[in-house]
Amino acid sequence: MHILIIEDEIQLCRSIAEGLRMDGYEADTCFDGNEGLELCMTENYDLILLDLNLPGIDGLELLKQFRKTNTSTPVLILSARGQIQDKVEGLDLGANDYLTKPFHFEELEARIRSLTRRKFIQENICLSCGQIHFDTRTRKTCINSEELLLTRKETALLEYFLLNQNRIISPEEMIEHIWDGSVNSFSNSIRVHISSLRKKLRSALGFDPIQNKIGQGYILMEEIQ
Ligand code: CA
């Protein structure tokens with residue numbers, strides 16, 4: 001899950017990013033409206049956290065521009081302005097939710113979970129595939145009710161596979177959604193994370209639920225075909 005935070009209070013922006021990374025999300029930071037719009041338009045984010053008072057173009061203008069070409073990526077406005085008029089305007093321009101600063105990080109986490117689940121039309125906080133169960137709140141994976149210990153990267157990969165079951169995921173898509181902007185090719189390190197995740201799943205399940213479709217990508221399946 002790849003999140004962009006556009007917020008010019010650098011300290012706040014960095015601490016949100018850090019908190020989200022601890023939760024297993026990939027987080028990019030941006031401190032300026034123009035740069036933020038550019039990133040929104042060129043990268044494929046799963047969620048955007050947007051401040052309203054920004055240098056360059058302000059948040060409402062950014063949202064307006066962004067929604068002309070993208071109506072599906074959820075946008076959560078984070079702003080110190082508590083006035084009802086700004087909320088109404090933000091929501092009218094296509095924001096999906098609104099959080100007034102200061103806020104508790106836990107509330108932000110809950111809203112992010114709700115917005116990203118909504119995007120994937122998931123109603124449960126628990127994602128499953130056969131015997132694999134993943135709790136999006138505690139970020140714990142269980143197989144046959146036994147906890148499977150995964151690294152942060154392996155967890156992010158598994159979550160993405162669970163949200164996109166029975167569909168081949170290309171390496172490019174994985175880079176966009178699971179790795180942050182720092183990686184631009186399907187490097188060996190990515191293969192290493194996938195192969196260690198597959199190894200752990202295989203040893204817990206007795207088979208490897210992730211298959212490699214040569215030249216296309218990887219797919220998570222409930223049973224061996
Ligand atoms: Ca601001």
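Numbers here are sequence positions counted from 1. Note that this is a predicted model, so its numbers are computed, not measured. As the structure lists them, so they are numbered: ligands from 1, and atoms in each ligand from 1.
Backbone or side-chain N, O or S atoms of Ser79 do not reach the Ca ion (ligand 1) at under 3.0 Å. Checking Glu7 against the Ca ion (ligand 1), every N/O/S atom stays at or beyond the 3.0 Å cut-off. Among the atoms of Asp8, an N, O or S atom is found under 3.0 Å from the Ca ion (ligand 1).
Annotation: Glu18, atom CD; neighbour count of heavy atoms from other residues, nucleotides and ligands within 6.0 Å does not exceed 12.
Salt-bridge annotation for Glu154 and Arg198: absent, with no side-chain N of the basic residue lying under 4.0 Å from a carboxylate O of the acidic one.
Geometry about the Ca ion (ligand 1) gives an angle of 80° between O of Asn53 and OD2 of Asp51, rounded in steps of 10 degrees.
Note: the hydrophobic cluster containing Phe103 also contains Leu115 (ILVMFWY, side chain heavy atoms under 4.5 Å, direct or indirect links).
Remark: Arg139 is positioned above the aromatic ring of Tyr25, its terminal NZ or CZ atom under 6.0 angstrom from the ring centre and at most 45 degrees off the axis.
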